[in-house]
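To find a chain, count down the sequence lines: A is the first, B the second, and so on, and within it residues start at 1. Computed from heavy atoms alone, side chains included, the values below leave out hydrogens, waters and symmetry copies.
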Amino acid sequence: MLTIKDLAVSFQARRGQVDAVKGITFDLGKGETLGIVGESGSGKSVTSYALMRILDAGGKIKAGDVTYSGVDLRNATESEMKDIRGSEISMIFQNPRAALNPIRKVGHQIEDVLRRHAKATNQNARQKAIEALKAVKIRDPEQRYEAYPFELSGGMCQRIVIAIALACDPRLLIADEPTTGLDITTQKSVMDLVSDLIRDRGMSAILITHDLGLAAQYCDRIIVMKDGKIVEAGDPLSLFHNPQHPYTRKLVDATPREGETIRSLLPEDMRVPLLPHKIEDEPLLQVINLTKTYQGKTGPVHAVKGISFDVKKGQSVGLVGESGCGKSTTSEMLVRLLDPTKGEILFNGESISDIPAQKFGKSALRRDIQMVFQDATDSLNPRHTARQTIADPLQRLGGLSGVALGARIEELATLVGLPHSLLDRFPHQLSGGQKARVGIARAVALEPKFLILDEPTAALDVSIQAIVLNLLADLRAKLGISYLFVSHDLHVVRLLCDHVIVMRGGQIVEQGPADDVMTNPKDPYTKELLSAAPKPPLRRVVTQP
Amino acid sequence: MTQSTPQTSTVARQGMLDHLVYVLRGNPVTLIAFVMFALILVAAVFGPSLVPYDPLASDSDHVLEAPSLQHWFGTDNLGRDVFSRVVVATRLDLTISVAAVALSFVIGSVLGAIAGYWGGVLDAMLNRILDTIMAFPLFVLAMGIVAALGNTIENIIYATAIINIPFYARLVRAEVNIRRDAGFVRAAKLSGNSDIRILATHIFPNTLPPMMVQVSLNLGWAILNAAGLSFIGLGVRPPTPEWGILVAEGANYIVSGEWWLALFPGLWLMIAVFTFNLLGDGLRDIVDPRKRT
């Protein structure tokens, strides 16, 4: 149905041409779901943009053929492409909020595409739009028709985007990272919905994702891309059980799943034994009935409703929950950027919640409690080099300067595995993994006793996530830091943490030793979280005949 | 750090130079603007020693002569060389506009940064004050200020600065506000920076790229404003050469056919303003580290 032959795409950049896709060939059969898996920069999205002919300015198809049901998409005129887009081939984008017009009712946005492809008249457009909303299982479609995107949750917005994509009954659906940024339970419901719709309507689909586990669960066939080339293709099971290409093996290894240890995420040659970390019985941090209430427009908003837990010296605690559960508010209070409404935080037996967040910067305890932020890009000052960023806490709180400062920065760079030559680069000149390392180096610069990790790997590719998680495990053993690892991904938390706390709606629903919670969850919500995570096939050692 | 500083700074300087060359090569308009800006600067700095005649010396033998090889822009009613007067006036006009823009940049940035960072009552108060200033017709306000304070060059500078403050304050306020809760600001708090240090070293430098566009446009506008005030007889007084006065004096002679008296100072003024307007985009690209690769 879709044939791509030797497709090459290049972009005109500041320093000459950049080849994003370097000659790839694949077919897509009728009713088949194909997964394109690769890390950022692998050219997986560019491939789909090229076949829809929606490349950014400066990008062009250099060579190759794209044929869809006998139509040559590469040489089709723009008006022919406009008829094909939406009615024959549809696309779901990564960020549903950005894909929707923020000041237009969602119902009208569905009508627009129906009218464009003459699938509806003015008389029946509304009714057809409501049918489209029903198809994506939105409750109360008549009321949702009148909603604006900002009134809907991320998962709802993605359903609307899917409704728009499927409104004209396309025969091929391209989903470009459709669930990135969504909660894990929402991810599951969105992906289940998409796969049901694909099956019911007999459509073909291309799922573009960085998550090999997700692709394995929903696709019939997977293509692995790296640096604009296809390195391996095959069905999910054989890809997992017997990866041929070293890169595929690396990706398979780095995908977290049951029964793995943190070291087995790394390629085999990097698996040095993990140093044990010592957990003492004494509590380092005690949280007692911590509460945060905001004054909202429609009355008080209870972000955190009185939670209590302990973190022992040297212990790593995972704080798990979905967006809006209060885990970020909790971590902001613990790191003393935010004042709690009620409750106490004891650090080494000393109450730190009495010191207002405004004044905590001058407290002697400031250097003991640090944080690694979620978005490495956002947490680095765009005008500061890596060196300046790491120097900041050392100068302000450590009182270092001159040669001692320079030496300490280089020591830290070595500790987090950042080449010294990169220290004089600005954040935009660093890769995602390198930015994460700079952020970690800054946080551990003063050897804090307690470090909050706010989803430090959420924005990273899996192979880099594997390296960062291992780096964190090594640092814990070397420096004896206690971690509070905030995440939505239970599989990742299990790898790093000794103890797990599950939060929902501002309350703790379950807590206990990590293995207990993971293997024998008691609360239904924990069970739901666990079952929602994509289940990649388990690794099986295939002995050579 | 000290050991690597010399090396680092040469690398940084090298990078800056490369970047400058890149920006200029990528955008010919910016290149033209920079060349014209350089010419204006030369005229401002060396003008008085470069011009062929004394701008104040009258010559009764050559009154109201049309442009010729001796007098490129002709002569005025007292026989003074118009070209010399126009070139010499560059320094005064540039000084007024640069001083006024610098003042409004500093005051506006401080006010805007405070309002944007702390918000609340302070922000609301500042905004109302700025609204009040902006509610006046700005040129009329400048006229009023100069008339009230007295007819001096300093007062032209103050007047021009005051009417420009709201633009800087609002721009900085918005730019600071969107970065107030950014990750790198929270990280800076964890590193023990005080609020003022965060504002000055972390947030404010990030607001510079759009500010540069504003500064450049504003320079041109401030020149026009100063010339305008002189044109209506406020501020700089004759016989000091100043573009606004030159145009005002020349305007009287247009009806009698001596067009060069008003045309050339006006043209020079236009070119100067045009240069600053073109300069903005280039300046922004130069101060933005993200444009460097």
Report the distance from atom CG of Asp181(B) to atom CG of Leu337(A), rounding to the nearest 0.5 Å. 10.0 Å

Engaged part of Asp375(A) at the chain B interface, taking heavy atoms whose separation is under 4.5 Å: neither

Distance from Gln388(A) atom CD to Thr201(B) atom OG1, nearest 0.5 Å? 9.5 Å

Under 4.5 Å, heavy atom to heavy atom: which of residues 355-371 of chain A reach chain B? Give them by number, or say none. Gln358(A), Gly361(A), Arg366(A), Gln370(A), Met371(A)

One should read off an interatomic distance between Leu446(A) CG and Ser191(B) OG, to the nearest 0.5 angstrom, of 7.5 Å

With a 4.5 Å cut-off on side-chain heavy atoms, are Phe184(B) and Asp392(A) touching? no

If one checks every heavy atom of Arg442(A) against chain B at 4.5 Å, the contacting part turns out to be side chain

In Å, rounded to the nearest 0.5 Å, how long is the span from CZ of Arg197(B) to CZ of Arg396(A)? 3.5 Å

State the OG1-CZ distance between Thr207(B) and Arg383(A), to the nearest 0.5 angstrom. 8.5 Å

Tell me if the CD1 atom of Ile271(B) is crowded by more than 12 foreign heavy atoms within 6.0 Å. yes

Do Asn206(B) and Pro382(A) have side chains that get closer than 4.5 Å, going by heavy atoms? yes

According to salt bridge (Lys or Arg N to Asp or Glu O under 4.0 Å), who are the partners of Arg186(B), at least two apart in sequence or on a separate chain? Glu332(A)

